[in-house]
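Structure below; questions to follow.
Numbers restart at 1 for each chain; the letters A, B, ... are given by sequence-line order, proteins then strands. Since this is a predicted model, take the numbers as computed values, not measurements.
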Amino acid sequence: MSKALPKRSEDYSLWYNELVKRAGLAENSGVRGCMVIKPYGFAIWEKMQRVLDDMFKKTGHSNAYFPLFIPKSMFEAEEKNAEGFAKECAVVTHYRLQTDPENAGKLRVDPEAKLEEELVVRPTSEAIIWSTYKGWIQSYRDLPLLINQWANVVRWEMRTRLFLRTAEFLWQEGHTAHATAEEAVAETVQMLNVYADFAENFLALPVVKGVKTPNERFAGALDTYCIEGLMQDGKALQAGTSHFLGQNFAQAFDVKFTNKEGKQEYVWGTSWGVSTRLMGALVMAHSDDEGLVLPPKLAPIQVVFVPIFRKDEELAQISETVGKLKEKLEAKGISVKYDDRDTERPGFKFAEWELKGVPVRVAIGPRDLENGTAEVARRDTKEKQSMQLEGLENTIENLLNDIQENIYNKALQFRQENTVKVDSYEDFKRVLDEKPGFVLAHWDGTPETEERIKEETKATIRCIALDTPEENGVDMVTGKPSSRRVYFARAY
RNA sequence: CGGGGUGUAGCGUAGCCCGGUAUCGCGCCACAUUUGGGAUGUGGAGGUCGUAGGUUCGAAUCCUGCCACCCCGACCA
């Protein structure tokens with residue numbers, strides 16, 4: 001294995017795969033399309049979970065857990081949704097194995113143990129959840145019902161990539177029921193805003209909030225809202241979705257409530273989710289040719305100390321100083337790692353912690369102890385600076401905030417530089433090939449035009465941004481009138 | 001799921017065309033010297049050649065099935 005990572009500029013895809021593996025985030029498993037999330041990667045996911053979970057709780061949601069298996073008849077109840085996922089469902093047909101009489105030491109599926117009704121492994125949980133809600137909701141007093149679950153789901157993808165698209169992935173799915181359409185829409189938008197807040201303030205990833213076109217909408221939803229981020233290679237990545245389900249699932253599962261006037265009505269629903277795909281977004285948004293660059297707010301280790309020493313006595317002295325600093329930092333809620341391994345040399349450690357994206361590295365050697373200083377290096381800019389040990393915990397705390405802000409600003413600047421308005425189809429194609437990113441163009445609002453553009457350029461409408469101003473124009477392909485620009489991009 | 005490619009020690013690989021029991025580098029273990037940006041030397045350990053069959057006196061090598069991974073398409077968070 002060569003020491004250096006592949007370069008982003010030479011092979012972005014290879015760089016991504018290698019980085020995910022070498023930084024210890026995840027690896028491929030012996031199961032097609034399924035990955036093993038390794039401890040360091042899972043630690044980041046756990047931080048994401050904690051932050052998001054708090055946000056869900058603050059907005060009034062409770063966690064629950066629903067089954068992995070969904071009877072086929074239940075799954076197919078909401079037709080559009082079922083059709084949308086049909087092609088990628090794993091299905092359980094048997095419940096027992098037996099020793100194979102023709103093949104010693106091997107097992108085979110017991111042909112006698114066929115299930116009367118096949119079980120679909122959830123690709124999403126609307127069906128099982130709405131069939132349950134039917135029993136939970138009778139009156140307007142039971143509403144709103146605000147539930148979230150953290151779970152794994154399975155979508156039998158043909159082509160998979162670590163974190164970005166795997167056959168099994170982890171996510172959260174919120175499922176809410178409301179008395180009115182207005183309230184459900186408000187919930188949908190509220191959760192979109194929660195996701196955007198998370199993306200920008202924790203992932204340090206600026207996102208465009210918008211609505212999907214009917215083509216890109218979640219099967220079974222009336223409206224799909226999304227946040228879209230731009231990766232360093234100019235491709236867009238959908239980082240979260242929030243759906244207004246209307247009464248589709250309520251009707252399919254007969255979920256009604258009695259309103260204040262004593263009349264029966266179907267409830268209004270929403271669902272919203274983010275997945276381990278966010279890990280891919282995190283990697284692709286900020287990292288460089290030396291490795292991960294983690295935003296301090298999600299880094300499992302925020303500060304790493306590396307001692308520089310020759311003799312045991314030196315190490316002992318340094319350890320004493322580091323120990324005190326570590327306590328002060330931890331008192332501030334900062335996570336610290338002291339890498340006092342004597343089996344690796346400092347240069348090796350520097351490279352390793354850079355690969356793992358630790359935001360701040362502090363090197364302390366005998367010279368520093370004499371001078372009362374430490375060498376502080378920040379991962380995002382690679383700047384190194386000698387700083388006073390006195391009060392270093394405050395300096396580092398500020399530095400972490402600076403880094404969080406800086407990588408957000410860097411990503412924002414990148415997005416601004418790679419978001420362009422075009423008015424002709426020629427320009428559109430040229431921009432996609434020469435300087436890929438978000439392309440703002442007029443669209444006539446028809447699925448046909450959208451489809452044609454997708455076929456010809458591989459670019460899709462990522463969303464109709466919520467904050468796009470009205471602007472009269474004409475569709476770049478058909479010349480038909482358009483009242484606003486939409487976001488196009490090639491996407492993950 | 002269609003087309004192409006790959007699978008040899010923990011990782012990366014040579015060998016395969018043309019069959020004779022596996023090469024090199026990194027890593028690992030021990031010791032010594034080292035330690036402010038991925039150390040050096042010496043010695044050592046480690047392999048069902050993805051897997052199951054077949055052909056053959058003999059298979060990493062030839063043939064077939066299966067599994068996994070990568071690239072390109074179709075599909076998708």
Quiz item: Expressed as a whole number of Å, how far does the C1' atom of G20(B) sit from that of U56(B)?
Solution: 12 Å

Quiz item: Can a salt bridge be assigned to the pair Glu314(A) and Arg310(A) using a cut-off of 4.0 Å between side-chain N and carboxylate O?
Solution: no

Quiz item: Roughly, in whole Å, what's the span from CZ in Arg159(A) to P in G2(B)?
Solution: 15 Å

Practice problem: For G43(B), give its Watson-Crick or G-U wobble partner with both distances under 3.5 Å, or none. | Solution: C29(B)

Quiz prompt | Sugar-phosphate, base or nothing in reach of Val31(A), heavy atoms under 4.0 Å | solution = sugar-phosphate

Practice problem: Name the nucleic acid region contacted by Ser13(A), choosing base, sugar-phosphate or nothing; use a 4.0 angstrom heavy-atom cut-off, strictly under. | Solution: sugar-phosphate

Quiz item: Which listed nucleotide (G37(B), C75(B), G73(B)) is nearest to the side chain of Arg361(A)?
Solution: G37(B)

Self-check item: Among A68(B), G37(B), C71(B), the nucleotide that comes nearest once only the side chain of Arg32(A) is considered
Solution: A68(B)

Self-check item: Residue mapping more 5' on RNA chain B - nearest nucleotide basis, Gln238(A) or Ala351(A)
Solution: Ala351(A)

Quiz item: So, does the side chain of Lys382(A) form a donor-acceptor pair with the base of G37(B) at under 3.5 Å?
Solution: no

Practice problem: Check every strand shown and say whether Asp342(A) touches a base, only sugar-phosphate, or nothing at a heavy-atom separation below 4.0 Å. | Solution: nothing

Self-check item: Proximal nucleotide (of G36(B), C28(B), G73(B)) relative to the Lys458(A) side chain
Solution: G73(B)

Exercise. Examine Phe488(A) together with Phe438(A) and report whether their ring centres are nearer than 6.0 Å.
Key: no

Quiz prompt | Among G38(B), G36(B), C75(B), the one nearest Lys87(A) by side-chain distance | solution = C75(B)

Quiz prompt | Phosphate contact (A68(B) OP1 or OP2) by Ser29(A) side-chain N/O below 4.0 Å | solution = no

Practice problem: For Leu164(A), report the nucleic acid contact type (base, sugar-phosphate, nothing); a contact means any heavy atom under 4.0 Å. | Solution: base

Quiz item: Between U48(B) and G65(B), how far is it from one P atom to the other, in whole Å?
Solution: 27 Å

Quiz item: Does U48(B) pair with anything, Watson-Crick or G-U wobble, both distances under 3.5 Å, and if so, with which nucleotide?
Solution: none

Quiz item: How would you label the contact of Gly33(A) with the nucleic acid (heavy atoms, under 4.0 Å): base, sugar-phosphate, or nothing?
Solution: sugar-phosphate

Exercise. Between C70(B), G37(B), G38(B), spot the one nearest the side chain of Lys384(A), thanks.
Key: G37(B)

Quiz prompt | Nearest-Å distance for atom pair CD/P, residues Glu314(A) and G36(B) | solution = 12 Å

Self-check item: side chain to side chain contact (heavy atoms under 4.5 Å, CB included) partner of Glu451(A), chosen from Thr446(A), Thr460(A), Asn215(A)
Solution: Asn215(A)

Quiz prompt | Inter-nucleotide P distance (G53(B), C17(B)), Å rounded | solution = 23 Å

Exercise. Take atom P in U61(B) and the same atom in G19(B), then report the distance between them in whole Å.
Key: 12 Å

Quiz item: Rounded to the Å, how far apart are Phe348(A) CZ and U40(B) C1'?
Solution: 16 Å

Quiz prompt | Residue whose closest nucleotide on RNA chain B lies nearer the 5' end, Ala239(A) versus Glu455(A) | solution = Glu455(A)

Practice problem: Figure out the CG/P separation between Leu5(A) and G12(B), and round it to whole Å. | Solution: 14 Å

Practice problem: Quick one: label Glu157(A) by what it contacts on the DNA or RNA (base, sugar-phosphate, nothing), any heavy atom closer than 4.0 Å. | Solution: base

Self-check item: Separation of G27(B) P from Leu355(A) CG (nearest whole Å)
Solution: 16 Å

Practice problem: Taking only the side-chain heavy atoms of Met158(A) (C-beta and beyond), determine which of G36(B), G38(B), C1(B) contains the nearest atom. | Solution: C1(B)

Quiz item: For Gln385(A) and G36(B), what is the distance between atoms CD and P respectively, to the nearest whole Å?
Solution: 21 Å

Quiz item: Base, sugar-phosphate alone, or nothing: which one does Tyr492(A) contact when heavy atoms must sit under 4.0 Å apart?
Solution: nothing

Quiz item: Quick one: the side chain of Arg345(A) and the base of G36(B), do they pair up donor-acceptor inside 3.5 Å?
Solution: no

Quiz item: Under a 3.5 Å cut-off for both distances, is G37(B) Watson-Crick or wobble paired, and to whom?
Solution: none

Exercise. Sort out the partner of G12(B) for me: Watson-Crick or G-U wobble, both distances under 3.5 Å, none otherwise.
Key: C24(B)

Quiz item: Are Arg379(A) and Asp288(A) close enough for a salt bridge, meaning some N to O gap below 4.0 Å?
Solution: yes

Practice problem: Return the value, rounded to whole Å, for the distance between atom CZ of Arg155(A) and atom C1' of C1(B). | Solution: 19 Å

Quiz item: Considering only side-chain heavy atoms of Pro346(A), which listed nucleotide, A74(B), U35(B), C69(B), is closest?
Solution: U35(B)

Self-check item: Between U21(B) and C31(B) - P atom distance, rounded Å
Solution: 37 Å

Exercise. Walk me through it: do His243(A) and Thr224(A) pass the test side chain to side chain donor-acceptor pair (under 3.5 Å)?
Key: CA-CA 4 Å; His243(A) 315 289; Thr224(A) 288; 2.8 Å; yes

Quiz item: So does Glu450(A) pair up with Lys454(A), basic N to acidic O under 4.0 Å?
Solution: no

Self-check item: For atom CZ of Arg108(A) and atom P of A52(B), their distance in whole Å
Solution: 21 Å

Quiz prompt | Candidates Tyr133(A), Phe253(A), Phe249(A) - the one meeting side chain to side chain contact (heavy atoms under 4.5 Å, CB included) with Glu126(A) | solution = Phe249(A)

Quiz item: Between the base of G37(B) and the side chain of Glu354(A), is there a donor-acceptor distance below 3.5 Å?
Solution: yes

Exercise. Scan Phe309(A) against the nucleic acid and name what it touches under 4.0 Å (heavy atoms): base, sugar-phosphate only, or nothing.
Key: base

Practice problem: Tell me, with the steps shown, if Gln49(A) and Glu46(A) meet side chain to side chain donor-acceptor pair (under 3.5 Å). | Solution: CA-CA 5 Å; Gln49(A) 282 186 299; Glu46(A) 283 179 312; over 6 Å; no

Quiz item: Which of these nucleotides, G36(B), C70(B), A74(B), is closest to any side-chain atom of Asn17(A)?
Solution: C70(B)

Practice problem: Determine whether the aromatic ring centres of Phe163(A) and Trp45(A) lie less than 6.0 Å apart. | Solution: no

Exercise. Counting Watson-Crick and G-U wobble pairs only, both distances under 3.5 Å, name the nucleotide matched with C69(B), or none.
Key: G5(B)

Quiz item: Applying a 3.5 Å limit to both distances, which nucleotide forms a Watson-Crick or G-U wobble pair with C62(B)?
Solution: G54(B)

Exercise. Classify the nucleic acid contact of Thr166(A) as base, sugar-phosphate or nothing, counting any heavy atom under 4.0 Å across all strands shown.
Key: base

